[in-house]
There are 4 protein chains.
Amino acid sequence: MSTPSSPTLGIGMVGYAFMGRAHSQAWHNAGSFFDTPLAPRLAAVAGRNEAAAAETARRFGWASVETDWRRMLDRDDIDVIDICTPGDTHAEIAVAALQAGKHVLCEKPLANSVAEAESMVEAANIAQGQGIQSMVGFTYRRVPAIAYARRLVEEGRLGRIRHVRGHYLQDWLTDPASPLTWRLQKERAGSGALGDIGAHIVDLAQFVTGEQLVGVAARTETFVRERPVSGTSSVTSLGGAAAADAAVQLGAVTVDDAAIFLSQLTGGALAVFEATRFATGRKNAIRLEINGTRGSIAFDFEDMNVLHVYDADAPARDAGFTRVLVTEDTHPYVAAWWPPGHGLGYEHSFTHQAVDFLTALADGTPPRPSFADGLQVQRVLSAVEASAERSGSWTSIAGASAEAGVC
Amino acid sequence: MSTPSSPTLGIGMVGYAFMGRAHSQAWHNAGSFFDTPLAPRLAAVAGRNEAAAAETARRFGWASVETDWRRMLDRDDIDVIDICTPGDTHAEIAVAALQAGKHVLCEKPLANSVAEAESMVEAANIAQGQGIQSMVGFTYRRVPAIAYARRLVEEGRLGRIRHVRGHYLQDWLTDPASPLTWRLQKERAGSGALGDIGAHIVDLAQFVTGEQLVGVAARTETFVRERPVSGTSSVTSLGGAAAADAAVQLGAVTVDDAAIFLSQLTGGALAVFEATRFATGRKNAIRLEINGTRGSIAFDFEDMNVLHVYDADAPARDAGFTRVLVTEDTHPYVAAWWPPGHGLGYEHSFTHQAVDFLTALADGTPPRPSFADGLQVQRVLSAVEASAERSGSWTSIAGASAEAGVC
Amino acid sequence: MSTPSSPTLGIGMVGYAFMGRAHSQAWHNAGSFFDTPLAPRLAAVAGRNEAAAAETARRFGWASVETDWRRMLDRDDIDVIDICTPGDTHAEIAVAALQAGKHVLCEKPLANSVAEAESMVEAANIAQGQGIQSMVGFTYRRVPAIAYARRLVEEGRLGRIRHVRGHYLQDWLTDPASPLTWRLQKERAGSGALGDIGAHIVDLAQFVTGEQLVGVAARTETFVRERPVSGTSSVTSLGGAAAADAAVQLGAVTVDDAAIFLSQLTGGALAVFEATRFATGRKNAIRLEINGTRGSIAFDFEDMNVLHVYDADAPARDAGFTRVLVTEDTHPYVAAWWPPGHGLGYEHSFTHQAVDFLTALADGTPPRPSFADGLQVQRVLSAVEASAERSGSWTSIAGASAEAGVC
Amino acid sequence: MSTPSSPTLGIGMVGYAFMGRAHSQAWHNAGSFFDTPLAPRLAAVAGRNEAAAAETARRFGWASVETDWRRMLDRDDIDVIDICTPGDTHAEIAVAALQAGKHVLCEKPLANSVAEAESMVEAANIAQGQGIQSMVGFTYRRVPAIAYARRLVEEGRLGRIRHVRGHYLQDWLTDPASPLTWRLQKERAGSGALGDIGAHIVDLAQFVTGEQLVGVAARTETFVRERPVSGTSSVTSLGGAAAADAAVQLGAVTVDDAAIFLSQLTGGALAVFEATRFATGRKNAIRLEINGTRGSIAFDFEDMNVLHVYDADAPARDAGFTRVLVTEDTHPYVAAWWPPGHGLGYEHSFTHQAVDFLTALADGTPPRPSFADGLQVQRVLSAVEASAERSGSWTSIAGASAEAGVC
């Protein structure tokens, strides 16, 4: 938590749906479990639907409600703009906020296009010269098992990386009656599985290995091309429910249902990625396996408190994947929570993100993943789309280097 | 959460260590995620160490601090006494609170002896006549996978129960240098692994099956009989750290390190229980397997979002244990949280407990597990100790009946 | 295999059902994969049902058929009597064979009573003075993962043993229409789950730990007390199929369906055993978990090529159960078979048993597990029955010592 | 087994190393466990190294030895030529054998080039007109769990296929000191991981789905480009051991160490394949996951007796991957072996292959996978190589159709 003398920091959050709830909870309890150098104050939540924003304010203790996020930029009691809206609005809000001297935490993907992302990086670079920080919300970096995996790689425990496998498997679109929500519309979401969940595994693969993707050969598919336009969305489900009426109107799905791509990393490793909402039976299977000359790691978010680690230096007789229950106080972030064996859940990573962000602001060090990190992921996504449009031709990714991508 | 017009309910919590943190977080976020008919207000935290209590108050938003829990009984703004202290204090606090007209939520085990537990039940019964409710904190009932298992049994999906296996396996005492904390002292803790963790599996087995244990044959062991008396305790570890100085003083461990017992249930099933702090490599392995004529369930808290379910009605060719990821909105408690595949953690069950307690208070229905349920578990623990003292002789449990034990 | 100059050894097998097939295959292929100092020759198979015995002979290459096992004792071309019949015949055949100067390999349990087993040990001791060897068929010792576990204990990798958990879980009697085969009749089988499968886990626990059980507190149960008397048995199923006719005759099941017992080992460890044919969904789950001060092992025969090993000397951050795929050429028995990752199956342990037996005969060293080892297991089973009859009272096991039980 | 009156069939096997041992065991025990309409007679084993061939003959009961496989074509007592040599010899032997009127069972990959494979198919087609049959040895089709998966797809239990993931992961080349065996030389092996193990997962994916790959985008890599030329090979390891002398001579590795490729199936599903000998910690991880609109299956050969099956028709509350232990007598091939829960091992699939081949010969029906099936796989491998050479450009596969590929 903040110490008794911690200065406070006013947070203004834009958006109040799935991500808004997760961020609210994080600002709410970061100081309860961690010693943060700055005490977050839940100053305002902004949303066009005033009633819904007010409901979020009441549930999570936001002190005020704004129906126009621009109002928050004028408020002196707000130091941070926390962007939890769909990707088509990120660039406008983030750039304006940075120009108004507000620190920015922006949900992923950073933007819906490389051009937008570049404008955001430009604004971030200028702002940083004035001590204004920015960060993009690849929260899965803060799952303790992932942060532990990153440490193992840093310590050289995997040796030279040979293979990377990243999967993000969901199945909530398997039902053709699942409605046409904003996540299935290119103008709102930018892309489908690729940007929504593929972005995470690209970031994770680069973060844990400390390397970057140099190019891709990709294939995408939209299995169900029309879906019911009516239907309600939900704060706790990804897809919402279709309307029950018989004469349902269909609209075009304009994003990918699944994206698969081959890649190679700056260090020469082969890599395979798969992002899909059609992996029947897989609910939120973020899987990462990395094989190196000295060892391997394997992770699955459906068993998020575990990292499987293989040590190739062990005698063959005794070697095998060790199921490390990542709940010891020597594991990243864990000491603040519960005793060994008492696992964490999905939203804890958002608390870790809030804590890391607050710490970076207090230290004046640029937080990671930066907007530049987010832009680099955007370039990978863009290359995937370009490759898929050209029948999977190999498409290089601009600016890949072995140094970048690691915080 | 509470609705805008929900009446508030003042909570006074006694104790601020491991359980105090878990309860604080629960009162803190119950209304954020659930629609509770009463809005908890964190009125006061009591603790003899004022600084520590104040620190808890600051972190979790308790409005005031008391150094004597008796002061809370006089306060009109406090409606509920939440007891998070070691077992030797439960009876005194709970009885006084009930007599003062406060609802009581009491951590498990209900007490350190059957006699104390009986006095608490007596007080609870009198209080209930005046609309004052009481509940004992067997929170693992509120793990969604466990609540789902209970529903499967209720629906008859397991048929007639033949076998029950309950394990609670930890390993934090394996190191003989682990210090002699209050949990290893009979006068404070009542018993060792038996009461601390064995109580949970007895409750879970009875809760999920809807049956009771009729008798036990038991064996207990204290593997390490002396431990360093100095050492510090910790809010996030069970054992604390031993003092580093060489001339460490040793004291006697006066509780069991491990307890194993055979049993039989009211419906005739055979049952085996094992509670230990010496199961090297098992951190918080609360395991429950139940085999019935129509199916089976298996649970392990180290993978707490999963229930393995076997359906014996399926054709042999297609039968097997189904790994149900208990994160669907049709699973108990889950709809309030996140989309499928986004798992919950240890402390969520405390939130569920708070919600269920608030709901029961609003409805005026006696919450479960009741003090009587806690007493019944205490009788089982007492029978285990009696059997172990008589070389494992079969010891009947007073008052076991097939009807009780189910909420 | 046998080397070109290996002397041959004539085998005479009594019985041809489930165990007869497994033993036939073992004699058949031991020399194909291993370098055995003696070449087994499949001289004769004996069975009262001549057609069935002849069928076995034809399938597996037995050179001749006898309808009376006594005839084999007179044949000079037969050096080994391999007993694969139900337990009620073991003593008579084994004692006669040993007295006739034949080496004996006898299926488990050694006998149906302690008295019979004692007579067999007496005969074995006398025979051994004349260079005639005997062995009891606890084949699961020869599963590579189990033999590897034994080596880890011998190397001290588990330190001092604190807990032993042995389960043998099957479910083939869950259906009350499953017929009343010989395995359910006390006069043939001696006991039910206890002797048939419980014997294995007692032997495994003692073998792997190198310790013995000092006493037991037990409970047994016969859940289904009458079953159809008609019905056919099968060579590949344990239970056979019930007759389809409506007016089925019922007979009494005279053995236990399940047995559970607590124990303590010579070194002080607590132990729990469970043998049952009613664990719905568990098909052949032979499970052994051993927790020691320095590490733990866990095994499940349903995943027989794997041993889970915990090393408590590893830093807490990196510790966990390592899933060792026991298919390396440095694992016991494995080098003779296939490359790493190419698993073995159920019957391979019988081949290993044949190889070990042939090697011991060639070396003139008494093979293990000896008849004395079998007798000791019989004493445990007898103590279990005695305890169960006296409501679970603690029953000591004669002659337990820390030295015995290890081959 | 063969029935008493089964006609015999003379087998002549070419090669005696890893595959030779597996095939020998299969011919050896097919009749012991199965009722085969033809009784295989182990007539001759051929190998240039006479001593080694003779050793194989002695161990497995081959009646004679030939040092030139052509001699076997002249022998009337030989009806089947079983080809277990490296891929560069397959075409010559198979075509000659078929022309000589011998049935042929040929190990995979069918050949080292599409042209060779085409010549073999041509010969096979001509031979079939004369009642001479041929088959290629994709044995993993005969793992019971795979055959069961195929049945589920045939029954429509998976619905329309959306995703296929095929992995064949090994790690025996991770050590740069592992020697340059024939498997690493293009002129002998044709390709590296691609043809040796990638061929299997291509065949499995097509076999289980009943669909074919329509094209690929691929990337291959040789991580270690020079290896010690000396060193011994081994019958039970894939790589052998490097020579210990210091002044080791290095030679060029001329095949791929790993191959990854994207694909799409005739029914529209996206597919990803990965074949590697550098997946540290994975020993023989043949993994297949298939997601369809109605369900999914997942398989891993490291746990070969298990198939994980997801039924999307189940209510969300009760759905999950069911771990089917494929050891019931209603599972393919299993009834011939052991009771439920008694798993099979690697070599059992070769026995199943022998049985299926014998059955097809007796019935006069063309066995599957046919040489044409093998050619089709060869075309996929060829397309992978072509794509990899052109930086992953999409490469169509000639003749893919939804009807083919299913036996």
Side-chain angles (χ1 to χ4, degrees), chain A residues 158-160 162-163 165 167 169 171 174-176 215-221 223-224 257-264 268-274 276 278-283 289-298 308-312 316 319-321 387 390-396, chain D residues 158-160 162-163 165 167 169 171 174-176 215-221 223-224 257-264 268-274 276 278-283 289-298 308-312 316 319-321 387 390-396:
Chain A
L158 268 60
R160 189 163 175 185
R162 297 304 197 190
H163 284 289
R165 299 174 196 87
H167 289 171
L169 311 176
D171 72 353
T174 308
D175 181 359
V216 292
R219 211 155 175 93
T220 61
E221 188 60 80
F223 296 115
V224 175
D257 285 337
I260 58 178
F261 45 108
L262 305 180
S263 186
Q264 203 145 4
L270 292 173
V272 178
F273 295 91
E274 190 168 348
T276 178
F278 275 76
T280 311
R282 304 301 179 189
K283 301 304 172 183
E289 178 160 335
I290 301 175
N291 307 122
T293 50
R294 292 190 57 209
S296 295
I297 63 97
H308 298 273
V309 182
Y310 185 87
D311 177 5
F321 277 84
S387 173
R390 295 181 299 124
S391 294
S393 299
W394 184 258
T395 304
S396 294
Chain D
L158 267 60
R160 188 161 177 187
R162 296 303 195 190
H163 285 288
R165 299 173 195 88
H167 290 172
L169 311 176
D171 72 353
T174 308
D175 182 359
V216 292
R219 211 155 175 93
T220 61
E221 189 59 80
F223 295 114
V224 176
D257 285 336
I260 58 178
F261 45 107
L262 305 180
S263 185
Q264 203 145 4
L270 291 174
V272 177
F273 295 91
E274 190 168 346
T276 178
F278 275 75
T280 311
R282 303 302 179 189
K283 302 304 173 182
E289 177 159 336
I290 301 174
N291 307 122
T293 50
R294 291 191 57 211
S296 295
I297 64 97
H308 298 272
V309 182
Y310 185 89
D311 177 5
F321 277 84
S387 173
R390 295 183 298 124
S391 296
S393 298
W394 184 257
T395 304
S396 294

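Keep in mind the model is a prediction, meaning the values are calculated, not measured. Chain letters run A, B, ... following the sequence lines, proteins first, then strands; residues in each count from 1.
- When each of D:E221, D:R282, D:R294 is checked for heavy-atom pairs under 4.5 Å with chain A, D:R282 comes out on top.
- In this structure, the portion of A:V224 lying under 4.5 Å from any heavy atom of chain D is its side chain and not its backbone.
- Only the side chain of D:F321 comes within less than 4.5 Å of a heavy atom in chain A; its backbone stays farther off.
- Chosen from D:G295, D:G268, D:G159, the residue pairing most often with chain A at heavy-atom distances under 4.5 Å is D:G295.
- Proximity to chain A (any heavy atom under 4.5 Å) is restricted, for D:L169, to the side chain, taken from C-beta onward.
- Your options are A:L262, A:V272, A:T276, and the one with the most heavy-atom pairs under 4.5 Å with chain D is A:L262.
- Looking at A:S263, only its backbone comes within 4.5 Å of chain D, counting heavy atoms on both sides.
- If you tally non-hydrogen atom pairs under 4.5 Å between each of A:A217, A:S393, A:A279 and chain D, the highest count goes to A:A279.
- Rounded to the nearest 0.5 Å, atoms CZ (D:R165) and CZ (A:R165) are 13.5 Å apart.
- Heavy-atom pairs under 4.5 Å with chain D peak, among A:A316, A:A271, A:P176, A:S391, at A:S391.
- For D:A319, no part lies under 4.5 angstrom from a heavy atom of chain A.
- D:R390 does not touch chain A: none of its heavy atoms, backbone or side chain, sits under 4.5 Å away.
- Scanning all heavy atoms of the two residues, the minimum distance from A:S296 to D:T280 falls at OG-O, 2.6 Å.
- Contact count versus chain A (heavy atoms, under 4.5 Å) is highest, among D:G392, D:G281, D:A298, for D:G281.
- In this structure the side chain of A:R162 never reaches within 4.5 angstrom of the side chain of D:D171, judged on heavy atoms.
- Ring planes of A:H163 and D:F223: perpendicular class, angle over 60° (limits at 30 and 60°).
- Residues A:T293 and D:T174 approach most closely at O-CG2, 3.7 Å, considering heavy atoms.
- Only the backbone of D:A218 comes within less than 4.5 Å of a heavy atom of chain A; no side-chain atom from C-beta onward does.
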